[in-house]
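Along the sequence shown, the residues carry numbers beginning at 1.
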Amino acid sequence: MQSGGLTLRAGTEAPAGTRPGISQARGYLPTVVLVYLILLLIPATVGAGSFALTGPRLLLMALFIPMMSDLFSGKYGRVYPVDYLFFLSMAWAALALAINNPDQVIQNTGSTAAEFLGGYMLGRAYIRSPQAFVGLIRAVFIIVLVSIPFGLIEMKTDIAVLPALFRKIPGFQAWADVAYEPRSGFYRAQVFFSHPIHQGLFCSLIFSLVFVGLKGIDTLNQRIIKAAVVGFGTFMAMSSGPLLSIILQVGLMAWAFIFRKINARWWLLLGLFVLMYIVIDLLSNRTPTKVLMTYATFSPQTAYYRAIINEWGMFNVGQHPIFGLGFNDWVRPAYMQRGSVDNFWLVVAMRYGIPGFLLLAWGYADAVFRVGLAKTPDGTTVHNLRQAWTITMVGMSFVLYTVHVWTSIYSFIFFLVGAALWMPDWVRNQRANGGGAEPAPADGEAAPRPGILYTRGAPAPSLREAERRRIDDANEEPREDPLVLSR
């Protein structure tokens, strides 16, 4: 049961059985998700002994046990393999740290579980309808829009405004300014996050969501403007990884449009990727991954350095294949003084071993394929949202090969993974209830009037009435709000 929420464009939550596509103009964001998004923007930590607590960590730690109980009891829909796989990957990570760094296992497992699993479960728990998903898109877009003035100042002055403000507040430890040489005459903007790459990734994650997901809700011109704003917000980071994410999303959107009449278009694309990999491997004197690095970075030097990182990172994985290195230093040439690894998937394999990587990657793939292959009727709002999310996640799976993520952006990525897993349940419920799907309005056509919802001519039910109908349709007792922890 969701505890209140923010209505974006006069929205409300849809009761169970509501036909997708009717209330697409409405966006309802649960209050707890709004709080989570606001906490993501606080560029500081609070010390508690040896723990560094961020706002999202505190919130997700408080909600962790109630959400876990509800998740595996089926209150957030069917329990999928991804749910088990993500928890197993975290359990394996804890075991690997217990073997490699027993003095750090409690601290790091607790913080990582809160961000990773807590963020994922928050998405599973509170984004359960098209209205909530649309509300999420709108809220994140507003955050991107708000970030632009701060980013412009930072690009010109190299001063991260918000971290500088939080440094003046007693008790807070703000993110450090990430000092880089200017690129094309501009400094890199980190705005809300601990690194410019994270700011760029945050913006890039909603590029296809605002352009494809809001199709039929906003006009074409509105979606183009929003996509341009998101693109500029991504550009402010001056980082190749987030820009690569947008390029991939544009390519996938173009493919979906050009081959929209071919049902097997995504399997065809997957086959072409495999073929391209084989051809590059046969014809080039470099590996396909090195070729990718060349085109996924701003400079040949960066591409060369990342290729060396990947090569030596895999060497370390081969030396410690089961439990990884934990937080111990990794073997590399003496000239590689900087120990960072710009590859999220590789970091997981190096730190927790091949089993840790496989459990996480398998769970991620299960979520992407489960949502991506859901049979949503063409032209409906749920179909557009599903396609937009799938494009985002497919693009992100490649981008994570070129960047590493931690803290707030790490949590948000897996929150977004969980936020779409209502879609297979939604499609299944429509079929079980014999419901159809009303198509979304065409571009430029007005969305449904705010006073009309669910059935033509019927007034929108109140939030209380919507929740009561949802409970009646599901034949279940109302669930207690997991925010109420004092019982």
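With rounding to the nearest 0.5 angstrom, the CG atom of Leu209 is 4.5 Å from the CD1 atom of Ile137. Between the CG atom of Leu41 and the OG atom of Ser147 there is a distance of 9.0 Å, given to the nearest 0.5 Å. We find the CG-CG distance between Leu60 and Leu39 to be 8.5 Å, quoted to the nearest 0.5 Å.
The two residues Leu248 and Gly395 come nearest to each other via the heavy atoms CD1-O, 3.8 Å. In this structure, Asn108 and Leu97 approach most closely via the heavy-atom pair CB-CD1, 4.0 Å. Across Gly151 and Met236, no two heavy atoms sit closer than the pair CA-SD, 3.6 Å. Val191 and Leu162 get closest at one heavy-atom pair: O-CB, 4.2 Å. The two residues Ala139 and Leu29 come nearest to each other via the heavy atoms CB-CD2, 3.6 Å.
Side-chain contact between Leu244 and Phe398 is absent, with no heavy-atom pair separated by less than 4.5 Å. Two residues are said to be in side-chain contact when any heavy atoms from C-beta on lie closer than 4.5 Å; Met121 and Asp70 fail this criterion. When side chains are defined from C-beta on, Lys215 does not count as touching Thr381, because their heavy atoms never get closer than 4.5 Å. Residues Val134 and Leu214 form a side-chain contact, since some pair of their non-hydrogen atoms from C-beta on lies under 4.5 Å apart. Taking the side chain as every heavy atom from C-beta outward, Pro43 and Pro163 approach each other to under 4.5 Å. Considering only heavy atoms from C-beta on, Phe202 comes within 4.5 Å of Val140 through its side chain. The side-chain heavy atoms of Tyr28 and Pro30, taken from C-beta on, include a pair separated by under 4.5 Å. Between Phe192 and Leu40, every side-chain heavy-atom pair lies at or beyond the 4.5 Å cut-off.
With sequence neighbours left out, the salt bridge (Lys or Arg N to Asp or Glu O under 4.0 Å) criterion links Asp103 to no other residue. Every residue two or more places apart in sequence or in another chain was checked for a side-chain hydrogen bond (donor to acceptor under 3.5 Å, both in side chains) with Thr54, and none qualifies. Applying the side-chain hydrogen bond (donor to acceptor under 3.5 Å, both in side chains) criterion to Ser208, with sequence neighbours excluded, gives Gln249, Thr392. Looking at residues two or more places apart in sequence or on another chain, you find a salt bridge (Lys or Arg N to Asp or Glu O under 4.0 Å) between Arg124 and Asp83. Shown here are the salt bridge (Lys or Arg N to Asp or Glu O under 4.0 Å) partners of Glu115, two or more places apart in sequence or in another chain: Arg57. Partners of Thr376 under the side-chain hydrogen bond (donor to acceptor under 3.5 Å, both in side chains) rule, at least two apart in sequence or in another chain, are His383, Arg386. Checked against side-chain hydrogen bond (donor to acceptor under 3.5 Å, both in side chains), His320 has no partners two or more places apart in sequence or in another chain.
Donor-acceptor pairing under 3.5 Å is recorded for the side chains of Ser194 and Trp406. At a cut-off of 3.5 Å, with distance as the only test, a side-chain donor of Tyr36 or Ser411 sits close to an acceptor on the other residue.
The stretch residues 413-427 participates, sequence neighbours left out, in these salt bridge (Lys or Arg N to Asp or Glu O under 4.0 Å) pairs: Arg128-Asp425, Asp425-Arg428. Residue pairs meeting the ring-ring contact (aromatic ring centres under 6.0 Å, His included) criterion with at least one partner in residues 78-101, sequence neighbours excluded, are Phe72-Tyr84, Phe72-Phe87, Phe86-Phe116, Phe86-Tyr120, Phe86-Phe414, Trp92-Phe323. Among pairs with a residue in residues 400-411, none fulfils salt bridge (Lys or Arg N to Asp or Glu O under 4.0 Å), at least two apart in sequence or across chains. Within the structure, side-chain hydrogen bond (donor to acceptor under 3.5 Å, both in side chains) pairs that include any residue of residues 354-374 comprise Asp366-Arg370 (at least two apart or interchain).
In this structure, Phe415 has its ring center at least 6.0 angstrom away from the ring center of Tyr126.
Between the side chain of Asn343 and the backbone N or O of Tyr401, at least one donor-acceptor pair lies under 3.5 Å.
The aromatic rings of His198 and His195 are tilted relative to each other, their planes meeting at an angle between 30° and 60°. Ring orientation note: the planes of Trp255 and Phe259 are tilted relative to one another, at an angle of 30° to 60°.
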Using residues 345-359 as the side-chain source, report each donor-acceptor pair under 3.5 Å to any protein atom, sequence neighbours left out, with the distance given to one decimal.
residue: Trp345; atom: NE1; partner: Ser397; partner atom: O; Å: 3.0

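In this structure, Arg332 forms a cation-pi arrangement with Trp330, its terminal cationic atom sitting closer than 6.0 Å to the ring centre and no more than 45° off the ring axis.
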